Novice: 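Shown below is the structure under consideration.
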Amino acid sequence: MTTDTTTSVREIHVDEITAKISELCESATHFLPDDVVGGLERARDSEKSDLGKQVLIEILENIDIAKNEMVPLCQDTGTAVVFVELGQDVHIVGGSLADAINRGVAKGYTDSYLRASIVDHPFSSRVNTKDNTPAVTHIDVTPGNALKLKLLPKGGGCENMSRFAVFLPSAGKEPIVEMVLKTIEESGGNPCPPLVVGVGVGGSSEYAMYLAKKGVVRSVGNPSDDPETAEFERELLEKVNALGVGPQAVGGLNTALAVNIETYPAHITALPVAVNLQCHSARLKEATL
Amino acid sequence: MPIEKRDGQIRLTAPLSEEDVAQLHAGDHVLFDGSMYTARDAAHKRIIAGAEKGEAPPIELQGQIIYYVGPTPARPGRIIGSAGPTTSMRMDPFTPKMLELGVKMIIGKGGRGPAVRQALQDNKAVYCLAIGGAGALLSKTIRNLEVVAYDDLGTESIKKLEVDGFPAIVCCDSHGGDLLQQGKDQWRQQDKLGSYQPIQAAAAEKSNGGGN
């Protein structure tokens with residue numbers, strides 16, 4: 001059976017995209033999503049370590065101050081990672097989509113007093129581009145004529161703890177468990193726990209890391225639709241929290257708020273696995289045009 | 001008073017002496033008053049490069065506090081933007097030399113490698129954690145900011161901050177105590193971890209770049 005997803009072609013001007021991205025830069029860096037705040041509140045209430053509890057109390061105070069006084073949640077306002085769901089019946093007019101997104105990032109980071117953290121040539125000059133461009137953009141083409149934009153300001157502390165490995169095809173879950181636990185234990189306080197842990201399993205090497213990032217974007221309290229994957233997520237979360245790393249690695253029961261696994265079919269020879277960590281300041285905002 | 005203990009609180013003001021920092025132990029809550037200097041990767045690199053050529057550092061480091069931070073720009077009418085700590089490990093290659101130059105207190109986030117932990121003991125100095133990702137909360141304790149060196153480095157320039165009750169937790173003390181190892185040892189639930197075995201502190205946190 002095929003589904004008729006035909007919609008009428010709709011024009012969207014690049015200036016609308018630029019304006020929306022700019023808004024998302026400010027809101028994402030100042031207002032934490034409700035599901036993340038809820039996860040942090042549950043962590044605070046369940047934490048048995050005194051120091052760990054105190055850290056969580058101050059993290060929650062920070063969220064209120066950021067919101068009420070318009071101070072960015074964290075000084076690392078990140079790399080602007082943009083996920084675009086582009087309806088196949090959208091016709092973008094007035095310029096290129098990539099330029100529209102970059103102009104929005106430049107405007108948002110400048111107008112909202114966010115830190116410009118991007119340097120140009122990564123292994124040589126490393127001159128700051130001054131407006132946090134370019135963004136890292138991922139585009140999915142979807143049915144329909146809507147344009148959905150998600151902005152993930154991704155901080156360096158957690159992003160730099162990413163890992164990728166390819167295991168033997170029949171290795172099963174064991175090496176994945178070992179890799180996730182080792183990544184989190186080795187990273188200690190660097191990625192700012194409690195974390196959202198994104199795990200990408202399958203696909204090709206670059207796609208596995210993309211899947212891990214999709215796991216991060218799934219945020220807190222949204223288990224996988226696949227029952228077997230959801231069960232593995234629960235198992236991994238329990239193990240991660242048994243590590244004892246705790247909030248800011250001072251020791252405690254809450255090392256992660258969620259483990260989100262995204263899967264994709266893989267080649268007969270390979271079990272690719274990527275881990276992408278997200279700090280407790282799990283900033284993410286989306287809008288649909 | 002460089003160190004004052006009252007109402008169950010430890011308050012610290014630079015310049016600090018060996019005797020002051022010797023009173024601090026991993027896990028202690030502390031509040032900073034007075035001045036501290038910001039420095040991160042680029043500023044450390046310049047200070048150390050200068051020292052190797054026999055040049056004096058651009059600021060007096062004896063007994064001082066270094067805070068690893070690169071704040072967001074201040075909104076109009078404000079002193080500073082968001083101002084939380086960055087990953088300390090990136091400064092590990094420079095830290096023993098900074099301690100030899102007289103720094104007595106460092107504030108950042110995440111653990112330190114074995115060479116830094118040893119240098120803290122050898123030089124009688126302390127490393128504290130500020131809460132990573134609490135830049136809005138921490139910014140409220142900052143009363144004044146003055147760029148004092150390397151203005152061209154922008155967010156990475158050396159700034160003199162005046163603070164009032166800046167909160168931190170002692171992580172690596174001058175006696176060899178390490179909060180991150182102690183915390184993990186205390187809270188690990190090995191029965192739930194199956195065959196997974198803990199890694200030792202010496203091997204941890206040296207793999208990648210760190211950030212923020």
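Because the structure is a prediction, the values reported are computed rather than measured. Chain naming here is simple, since letters A, B, ... match the order of the sequence lines and numbering starts at 1 in each.
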Novice: Give, as side chain, backbone, both or neither, the part of A:Thr77 having an atom under 4.5 angstrom from any heavy atom of chain B.
Specialist: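 Just the side chain, heavy atoms under 4.5 Å.
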Novice: Check A:Glu186 against B:Ile199 and note the closest heavy-atom contact, atom names and distance.
Specialist: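 Closest approach of A:Glu186 to B:Ile199, heavy atoms only: CG-CD1, 3.2 Å.
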Novice: For B:Leu129, is it the side chain, the backbone, both, or neither that has a heavy atom closer than 4.5 Å to a heavy atom of chain A?
Specialist: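 Just its side chain gets close to chain A.
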Novice: For B:Ala136, does its backbone N or O pair with a side-chain atom of A:Asn62 as donor and acceptor, under 3.5 Å?
Specialist: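 Checking the backbone N and O of B:Ala136 against the side chain of A:Asn62, a donor-acceptor pair under 3.5 Å is found.
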Novice: Quick one: of A:Cys192, A:Gly78, A:Ser281, who has the most non-hydrogen atom pairs under 4.5 Å with chain B?
Specialist: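 The candidate making the most pairs under 4.5 Å is A:Cys192.
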Novice: Kindly compute the distance separating CD1 (A:Ile57) from CG (B:Leu137), expressed to the nearest 0.5 Å.
Specialist: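 Spacing of CD1 (A:Ile57) from CG (B:Leu137) equals 12.0 Å.
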Novice: With a 3.5 Å distance limit and no angle check, can you tell me whether A:His280 reaches the backbone of B:Gly132 through a side-chain donor-acceptor pair?
Specialist: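 Indeed, once roles are kept as given, a pair shorter than 3.5 Å links the two residues.
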Novice: Please report the closest heavy-atom contact between B:Pro73 and A:Tyr113, naming both atoms and the distance.
Specialist: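 So the two residues come closest at CD-O, 3.4 Å.
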Novice: Can A:Asn241 and B:Lys192 be said to form a side-chain contact (heavy atoms from CB on, under 4.5 Å), step by step?
Specialist: CA-CA 9 Å; A:Asn241 284 332; B:Lys192 293 184 181 171; over 6 Å; no
Novice: Give a yes or no on whether a salt bridge exists between B:Arg78 and A:Glu69, defined as a side-chain N under 4.0 angstrom from a carboxylate O.
Specialist: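 Result for this pair is no, no salt bridge flagged.
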Novice: Measuring heavy-atom distances to chain A, does B:Leu193 have an atom under 4.5 Å in its side chain, in its backbone, in both, or in neither?
Specialist: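 Both backbone and side chain.
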Novice: Please name the pair of heavy atoms, one in B:Ser82 and one in A:Cys74, separated by the smallest distance, quoted to 0.1 Å.
Specialist: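 In this case the closest contact between B:Ser82 and A:Cys74 is OG-C, 3.2 Å.
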Novice: Inspect the contact between B:Lys140 and A:Glu58 and indicate whether a charged nitrogen and a carboxylate oxygen are less than 4.0 angstrom apart.
Specialist: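 No salt bridge links A:Glu58 with B:Lys140.
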Novice: Tell me, side chain or backbone of B:Ala134 under 4.5 Å from chain A's heavy atoms, or both, or neither?
Specialist: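 Both parts, backbone and side chain.
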Novice: Answer yes or no: does atom CG of A:Asp34 have more than 12 heavy-atom neighbours from other residues, nucleotides or ligands under 6.0 Å?
Specialist: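 Counting neighbours around CG of A:Asp34, 12 or fewer heavy atoms of other residues, nucleotides or ligands fall under 6.0 Å, so no.
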Novice: In terms of heavy-atom pairs under 4.5 Å with chain B, which of A:Leu114, A:Thr29, A:Ile59, A:Asp50 leads?
Specialist: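 Of the options given, most contacts go to A:Leu114.
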Novice: Can you check side-chain contact (heavy atoms from CB on, under 4.5 Å) on A:Leu51 and B:Leu179, steps first, answer last?
Specialist: CA-CA 10 Å; A:Leu51 269 179; B:Leu179 174 63; 3.7 Å; yes
Novice: For B:Thr155, is there any backbone N or O sitting under 3.5 Å from a side-chain donor or acceptor partner on A:Arg115?
Specialist: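 Absent.
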Novice: In terms of heavy-atom proximity below 4.5 Å to chain A, should B:Ala74 be classed as side chain, backbone, both, or neither?
Specialist: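 For B:Ala74, backbone heavy atoms alone lie under 4.5 Å from chain A.
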Novice: For atom CD of B:Gln190, decide whether the heavy atoms of other residues, nucleotides or ligands shown that lie under 6.0 angstrom number more than 12.
Specialist: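 Yes - once you tally the heavy atoms of other residues, nucleotides and ligands closer than 6.0 Å, there are more than 12.
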Novice: Applying the side chain to side chain donor-acceptor pair (under 3.5 Å) test to B:Tyr196, which of A:Lys239, A:Lys182, A:Glu185 qualifies?
Specialist: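 Of the listed options, the one satisfying the test is A:Glu185.
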Novice: Taking A:Gln75 for the side chain and B:Gly84 for the main chain, is one N or O donor matched with an acceptor at less than 3.5 Å?
Specialist: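 Yes: the side chain of A:Gln75 pairs with the backbone of B:Gly84.
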Novice: Heavy-atom distance under 4.5 Å to chain A: side chain of B:Ala130, backbone, both or neither?
Specialist: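 Backbone only.
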Novice: Is A:Leu181 close to chain B through its backbone or its side chain, or both, or neither, when contacts mean heavy atoms under 4.5 Å?
Specialist: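 Interface part for A:Leu181: both.
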Novice: Which bit of A:Asn128 comes within less than 4.5 Å of chain B, counting heavy atoms only: side chain, backbone, both or neither?
Specialist: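 For A:Asn128, there is no contact with chain B at all, as no heavy atom is under 4.5 Å.
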